[in-house]
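The structure appears below as structure tokens.
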Amino acid sequence: MKKSDVQTKPLTERQIFSIKRDNLESKIISYFEHSQNVSAVIEYAVAIMVRNTLILSDYSFMFQDLICELLLTAKPSNTLRRYCYYFKNYFSDENDWQKVINRLFKNQKEFQHFTKEARLYSRFLTTPGTSTRKYPDLELRLISIFEDAAGKKHRMSLRDMDETYTRAHTSKILEILTTLSVFKKADGTRRFAKFIKTSRPGSKDTFDDDGWPEELQEESVQFVDAEFSEPDPIEIVVPADVDPSGLNESDVLALVQAAHPEIDSIENIPVAFVEEVPADSPSAEQPPVIEEPLPWPETDATAIKPETVKAAASPTPAKKPKKKKPNTSKLAYRMNLIDNWLKRHTKE
């Protein structure tokens, strides 16, 4: 490897979208060897897919062996789960792809949840453009406006553009960058938080605003999946005097990890807070109150026996409250985290 290809710092979007293929591939492999940052490499690869789709040059299947190795052997994480679907065609052996699914997801429901976004956007990456080349002698440049997480706008420039993509199709492809968090400013602000607009500047308007490929018509590109259903939320029991709205993301993640240490992010995981009900609470002893009278069953009056009416009129005896179970080590740990949080936030 050339000395110029050695990369010890994270790559910038300028490098990802401007460096030539061989040099870029060497730099990313070098950066991984130095940092072992799996998430960054995966997100770099997705960004390069965006570049590959929009330009004429070939940047397909970049560092394919490394990507396949990470998906098959790296520690499962939400980043791998979220972006793995983009790399389905990196695996020539269907059995290897199935291994990826089996090791990253507990079941089909979880697979549908985490890959929902990638399954939608990957269609824009694999669908050819439908416009025609009106200006084959021009080297077209794409200027796109994005907003960072702080609300500040910035521009991104791409050369060697493929003229066959309409503005609508191009915009959807560029939106993929807003799903990435790897590109950040020096202060940690995420660079691509929101896509604003795109254009191909010059003396002539080279963008075709009309036309979507048939397979990308509006009804087929919505975030809708008949088989998709939200995963069951992770429930966290908190004391009655604790307001969960005051917990920040780090506090919630710590509580979740107390029972689920394998979870490294709650970005795509619903969390539900359940108020602890003491065993001696009146609500634990009283039977549920029926606000409206139950409808009388439609039946022959002669079929109703007196003893049946008497039994129906008798109130249901209240059930004895369940004994409070002793705290497990995990529950005790979670309660300790909540107590510590209360102490930090109740100091005068």
Side-chain angles (χ1 to χ4, degrees), residues 1-52 59-91 96-97 99-100 103-105 114-115 117-118 121-122 125 146 148-150 154 156 158 176-193 249-250 253-254 256-257 260-269:
M1 182 181 294
K2 298 179 182 178
K3 187 175 180 180
S4 59
D5 292 337
V6 175
Q7 185 77 27
T8 58
K9 296 181 180 179
L11 283 79
T12 65
E13 67 266 26
R14 183 182 295 274
Q15 290 175 295
I16 294 295
F17 293 105
S18 63
I19 297 178
K20 291 184 177 181
R21 176 175 181 132
D22 291 343
N23 191 17
L24 179 59
E25 193 165 33
S26 297
K27 283 184 175 295
I28 290 178
I29 293 174
S30 172
Y31 174 68
F32 176 73
E33 291 174 348
H34 172 78
S35 68
Q36 296 297 301
N37 191 332
V38 175
S39 296
V41 171
I42 293 294
E43 292 197 31
Y44 289 150
V46 174
I48 292 171
M49 285 182 176
V50 170
R51 180 184 182 185
N52 177 65
Y59 281 72
S60 61
F61 297 100
M62 292 278 284
F63 41 95
Q64 181 177 0
D65 291 342
L66 175 58
I67 292 293
C68 291
E69 180 185 349
L70 295 180
L71 290 174
L72 286 168
T73 63
K75 180 182 177 181
S77 67
N78 285 350
T79 298
L80 291 178
R81 296 183 184 100
R82 185 180 184 185
Y83 299 108
C84 68
Y85 192 83
Y86 285 112
F87 308 102
K88 181 179 179 180
N89 61 352
Y90 274 45
F91 296 88
D96 285 340
W97 171 243
K99 289 178 183 177
V100 172
R103 69 183 296 268
L104 293 181
F105 306 99
F114 277 100
T115 63
E117 184 180 70
Y121 280 125
S122 63
L125 297 176
F146 290 87
D148 66 21
H154 63 94
M156 185 186 77
L158 265 177
I176 296 175
L177 297 180
T178 65
T179 71
L180 306 177
S181 59
V182 68
F183 302 112
K184 297 178 180 179
K185 297 169 67 173
D187 62 0
T189 303
R190 190 160 63 95
R191 292 278 289 167
F192 297 100
E249 185 174 342
S250 299
L253 179 59
V256 170
Q257 287 179 329
H260 304 275
E262 74 281 0
I263 293 177
D264 57 7
S265 171
I266 56 173
E267 181 178 358
N268 294 301
I269 300 175

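Just so it is clear, the values below take in all heavy atoms, side chains as well, and ignore hydrogens, waters and symmetry mates. Numbering starts at 1 and runs along the sequence shown.
- Separating the OH atom in Tyr121 from the CE atom in Met49 is a distance of 15.5 Å, to the nearest 0.5 Å.
- The two atoms that bring Arg51 and Leu24 nearest to each other are NH1-CD2, 3.9 Å, heavy atoms only.
- Between the side chain of Glu25 and the main chain of Phe63, a donor-acceptor pair closer than 3.5 Å is present.
- Listed here is the closest heavy atom pair of Lys27 and Ile19: CD-CD1, 3.8 Å.
- Residues that satisfy the side-chain hydrogen bond (donor to acceptor under 3.5 Å, both in side chains) test with Thr179, not counting sequence neighbours, are absent from this structure.
- How far OG of Ser18 is from CG of Asn23: 9.5 Å, rounded to the nearest 0.5 Å.
- Residues forming a salt bridge (Lys or Arg N to Asp or Glu O under 4.0 Å) with Arg191 (at least two apart in sequence, or on another chain): Glu13.
- With hydrogens and angles disregarded, no donor-acceptor distance shorter than 3.5 Å links the side chain of Tyr86 to the backbone of Ala118.
- Residues that satisfy the salt bridge (Lys or Arg N to Asp or Glu O under 4.0 Å) test with Lys185, not counting sequence neighbours, are Asp148.
- Nearest heavy atom pair, residue Ala193 against residue Thr178, reads O-CB, 3.9 Å.
- Across all non-hydrogen atoms, the minimal contact from Gln7 to Pro10 is NE2-O, 4.0 Å.
- Annotation: the span from Leu80 atom CG to Phe87 atom CZ amounts to 9.5 Å, rounded to 0.5 Å.
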Determine all donor-acceptor pairs shorter than 3.5 Å in which one atom belongs to a side chain in residues 34-41; sequence neighbours excluded.
unit_1: Ser35; atom_1: OG; unit_2: Tyr31; atom_2: O; d: 2.8
unit_1: Ser35; atom_1: OG; unit_2: Asn37; atom_2: N; d: 3.2
unit_1: Gln36; atom_1: NE2; unit_2: Phe32; atom_2: O; d: 3.1
unit_1: Asn37; atom_1: OD1; unit_2: Ser39; atom_2: N; d: 3.4
unit_1: Asn37; atom_1: OD1; unit_2: Ala40; atom_2: N; d: 3.0
unit_1: Ser39; atom_1: OG; unit_2: Thr79; atom_2: OG1; d: 3.3

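- Contacts of Leu72 classified as side-chain contact (heavy atoms from CB on, under 4.5 Å), with partners at least two apart in sequence or in another chain: Phe91, Lys99, Val100.
- Residue Tyr83 forms a side chain to side chain contact (heavy atoms under 4.5 Å, CB included) with just one option from Leu71, Ile42, Thr115, and that option is Ile42.
- Classified by interplanar angle (parallel below 30°, tilted 30° to 60°, perpendicular above 60°), the ring pair His154/Phe146 is parallel.
- Between the side chain of Gln15 and the main chain of Thr12, a donor-acceptor pair closer than 3.5 Å is present.
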Point to revise | Verdict with reasoning, Glu69 to Thr73, per side-chain contact (heavy atoms from CB on, under 4.5 Å) | key: CA-CA 6 Å; Glu69 180 185 349; Thr73 63; 3.7 Å; yes
Check your understanding: Can Leu180 and Phe192 be said to form a side-chain contact (heavy atoms from CB on, under 4.5 Å), step by step?
Key -> CA-CA 7 Å; Leu180 306 177; Phe192 297 100; over 6 Å; no
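- Checked against side-chain hydrogen bond (donor to acceptor under 3.5 Å, both in side chains), Glu43 has the following partners two or more places apart in sequence or in another chain: Ser181.
- Within the 4.5 Å cutoff, no side-chain heavy atoms of Trp97 are placed close to those of Asn89.
- Enclosure of atom CZ in Arg14 is not indicated, since only 12 or fewer non-hydrogen atoms of other residues, nucleotides or ligands lie within 6.0 angstrom.
- Under the 3.5 Å distance criterion, the side-chain polar atoms of Gln64 are matched with a main-chain donor or acceptor of Tyr90.
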Exercise for review: Go through the steps to decide whether Ile28 and Ile48 satisfy the test side-chain contact (heavy atoms from CB on, under 4.5 Å), and finish with yes or no.
Suggested key: CA-CA 11 Å; Ile28 290 178; Ile48 292 171; 3.6 Å; yes
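- Here the side chain of Ser30 pairs no donor or acceptor atom with the backbone of Ser26 at under 3.5 angstrom.
- A pairwise comparison of heavy atoms in Ile67 and Met62 identifies CG1-O, 4.2 Å as the closest pair.
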